[in-house]
Amino acid sequence: MRLTRRKFVQSVLGTSAALALPAVFSTCSGSSKAITGEAITAKPASAPMQFGASPDMAFPKGFFWGTATAAYQIEGAWNEDGKGESIWDRFAHTPGKIRNGDTGDVACDSYHRWREDIALMKAMHLNSYRFSISWPRIQPSGSGSNSKGIDYYSRLVDALLEAHIRPLVTLYHWDLPQALEDAGGWTSRDTASRFADYGSRVAQALGDRVSDWMIFNEPAAFVDLGHLEGRHAPGRKSLIDFLRATHVVNLAQAEGFRALKAARPASRVGTAFSMSASEPASDSAEDKLAAERAHAITNTWFLEPALRGRYPDALTFLPETAMKIRAGDMEKIRTPLDFIGINLYYRTIASAPGAMERAAHAQEWLFPVKMDGGQQGPKTDFGWEVWPKALYDMVMRITRDYDRPVIEITESGCSYNDGPDPAGVIHDGRRIEYHREYLAALRRSMAEGADVRGYHAWSLLDNFEWAEGFSQRFGLAYVDFKTQQRTMKDSGRWYAKVAAENRVGPGL
Ligand code: FCB
């Protein structure tokens with residue numbers, strides 16, 4: 001089970017780089033067993049706000065209703081038309097890394113079936129599609145340019161525009177060309193320049209039709225999971241690599257931003273950050289401080305450097321030498337993002353470790369925080385707590401702390417593994433309930449001043465869920481991975497009505 005977005009710094013700084021990761025990481029979010037339909041309708045007794053009760057759930061005119069996907073999770077065609085090997089190809093082809101030995105070699109075969117996917121979105125009345133570009137399709141070994149790769153995305157963009165769907169393009173959703181990993185990957189400063197070169201080529205090729213871009217998807221997640229925990233590609237397990245990759249990715253965010261703007265000055269550029277509202281486990285001063293540290297490392301570790309040119313106060317001191325921060329870097333890193341993308345699924349409960357724990361783990365004085373998932377709300381099949389207030393809290397905090405920036409919800413969603421009934425219908429009422437409640441929470445934050453422009457459900461399709469392979473279904477459309485047949489779920493039909501009426505609430 002992947003829990004890292006709330007767990008990662010506990011692992012980062014609570015363990016030595018040389019030590020194996022503690023087993024507690026896999027136990028923190030409760031069980032991943034399915035909850036019942038009854039469980040989800042029973043509101044947690046202690047939930048402080050009931051969002052769905054508000055009658056006014058209309059969204060502003062022009063609000064973006066979308067879905068989100070990522071290249072490696074849906075495209076397949078892993079070695080077609082000149083595409084190079086990515087770190088995810090290598091990782092998934094390594095025995096033992098992915099549940100059931102699954103790979104993204106074929107995934108949802110969207111490389112060939114993209115027309116069907118656009119038709120699905122059209123049927124859902126969507127006006128935005130967040131997808132990512134596979135770097136090794138454009139630059140098979142990390143440089144140059146593969147015209148067939150560019151052609152694929154060019155056709156996709158044209159067809160989206162024809163369907164009146166805005167392309168919202170992520171440059172990097174975790175699939176680094178393997179050749180660049182071999183040259184040091186995200187721990188090497190050169191990768192930041194390679195990334196800018198890639199971004200500039202993509203902007204030149206598509207920027208006449210695409211105006212909304214995201215530099216990264218969830219930098220906090222891929223830097224941690226891939227470099228410290230080793231549960232994602234490229235599978236490194238090193239504290240030093242984590243710290244170095246942190247800084248290189250922050251540099252790359254700035255260089256990528258400048259490259260996109262240089263190629264297309266009018267484009268709007270942001271990043272999709274993994275966020276999780278952080279709550280103290282108790283009212284004690286220690287737990288409150290722990291919650292602030294958790295917020296800094298989880299939510300703003302890659303945002304504060306961009307907007308304010310500084311690392312937020314996550315640690316008791318900043319290991320600048322280990323991070324290889326050079327003079328002038330913090331000015332270079334400043335990036336006036338045009339919007340903040342928020343990916344949010346759940347909340348984090350933070351507490352200060354006791355003296356005994358601190359003594360047992362030498363590094364905990366550097367990051368004295370324990371992070372856990374909440375336990376009051378119902379759980380998805382992935383074991384993630386359903387907690388709509390987390391979205392409200394997070395959006396309000398970012399709105400307050402960063403002077404009311406433009407926000408897009410770039411991902412939110414839930415894994416429920418409901419399959420077709422004998423008539424072939426997929427009744428996923430729990431997914432409808434999830435999105436309805438999260439959207440109601442979002443609408444409340446907008447009523448209270450947040451400038452939110454869009455919501456992207458993760459995901460359009462059931463797809464390859466990284467280390468979990470095909471075992472977790474997040475889609476609004478069901479995919480039969482044997483036949484590649486797509487079937488809209490009840491949630492897809494419900495989302496279509498929401499998008500068409502531009503509201504949630506009574507009758508929806
Ligand atoms: C997010 C990832 C996305 C998907 C969802 C479930 O962290 O950005 O690719 O795996 O989680």
Side-chain angles (χ1 to χ4, degrees), residues 1-8 29 32 66-75 86-88 91-92 97-99 102-104 107-108 110 129-135 168-176 214-226 229 231-233 249 270-277 298-299 301-302 340-348 373 379-386 390-391 394 408-417 431 434-435 438 455-477 479 491:
M1 182 175 12
R2 183 166 133 254
L3 296 166
T4 300
R5 280 166 300 194
R6 65 177 152 246
K7 296 303 304 168
F8 85 92
S29 186
S32 61
T67 56
T69 63
Y72 188 74
Q73 296 181 274
I74 65 161
E75 283 179 2
S86 78
I87 55 174
W88 268 95
F91 193 71
K97 299 295 185 192
I98 312 292
R99 187 182 293 269
D102 291 342
T103 75
C108 308
S110 198
Y129 178 42
R130 175 176 174 235
F131 64 95
S132 82
I133 295 198
S134 157
W135 186 349
L168 175 58
V169 179
T170 311
L171 282 182
Y172 186 79
H173 202 127
W174 305 357
D175 44 358
L176 186 73
M214 263 153 306
I215 304 164
F216 284 123
N217 180 68
E218 300 195 348
F222 77 78
V223 167
D224 167 56
L225 287 162
E229 295 198 39
R231 288 189 288 131
H232 279 190
V249 167
T271 277
F273 298 96
S274 41
M275 293 202 179
S276 172
T298 308
N299 303 322
W301 196 230
F302 293 85
I340 295 174
I342 296 182
N343 292 0
L344 185 138
Y345 293 82
Y346 45 63
R347 65 177 167 158
T348 293
K379 301 278 174 63
T380 69
D381 286 352
F382 213 164
W384 294 356
E385 186 196 31
V386 177
L391 185 58
M394 198 72 249
E408 295 239 13
I409 304 307
T410 35
E411 284 182 27
S412 187
C414 46
S415 160
Y416 291 116
N417 293 324
R431 181 169 290 102
Y434 174 100
H435 285 294
Y438 277 60
Y455 180 86
H456 297 80
W458 184 272
S459 179
L460 174 64
L461 305 168
D462 296 336
N463 60 41
F464 178 87
E465 177 49 34
W466 308 114
E468 301 304 317
F470 295 103
S471 68
Q472 299 298 328
R473 292 179 178 270
F474 278 87
L476 297 175
V479 177
S491 60

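Basis for what follows: all heavy atoms, side chains included, without hydrogens, waters or symmetry-related copies. Ligands are counted one by one from 1 in listed order, and the atoms in each one are counted from 1 as well. Just so it is clear, the structure is predicted and the values come from calculations on it, not from any experiment.
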Which atoms of ligand 1 sit under 4.0 Å from any heavy atom of [X]?
X    : value
N217 : 8 (O)
F474 : 6 (C)
W466 : 3 (C), 4 (C), 9 (O), 10 (O)
Q73  : 3 (C), 4 (C), 9 (O), 10 (O)

Subject >> Distance-only side-chain donor-acceptor flag, T410 / N343, under 3.5 Å >> reply: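 N343 and T410 do have a side-chain donor-acceptor pair below 3.5 Å.
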Original post:
Does any N or O atom in W384 lie less than 3.5 angstrom from one in ligand 1, N or O only?
Top reply: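 N/O-N/O distance under 3.5 Å: no.
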Subject >> E218 N/O to ligand 1 N/O under 3.5 Å >> reply: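 Such a contact does occur with ligand 1.
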Original post:
With sequence neighbours left out, what residues match Y129 under ring pair (Phe, Tyr, Trp, His ring centres under 6.0 Å)?
Top reply: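 With sequence neighbours excluded, Y129 shows a ring pair (Phe, Tyr, Trp, His ring centres under 6.0 Å) to F131, given in chain and number order.
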Original post:
Any side-chain heavy-atom pair from W466 and R231 closer than 4.5 angstrom?
Top reply: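 The answer is no, as the side chains (C-beta and beyond) never meet within the 4.5 Å cut-off.
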Subject >> Ionic contact status for R99 with E465, cut-off 4.0 Å >> reply: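 No, this pair does not count.
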**OP:** List for me each residue that meets side-chain contact (heavy atoms from CB on, under 4.5 Å) alongside A390, sequence neighbours excluded, and say none if there are none.
**Re:**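 Once residues adjacent in sequence are excluded, the partners of A390 under the side-chain contact (heavy atoms from CB on, under 4.5 Å) criterion are A277, L344, R347, W387.
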Original post:
Under a heavy-atom criterion of less than 4.0 Å, does Y345 contact ligand 1?
Top reply: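 Yes.
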**OP:** Examine ligand 1 and decide if any of its atoms is less than 4.0 Å from a heavy atom belonging to H173.
**Re:**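 Within the 4.0 Å threshold, so yes.
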Original post:
Given Y172 and F222, is the ring-ring contact (aromatic ring centres under 6.0 Å, His included) satisfied, shown in steps?
Top reply: CA-CA 10 Å; Y172 186 79; F222 77 78; 5.0 Å; yes
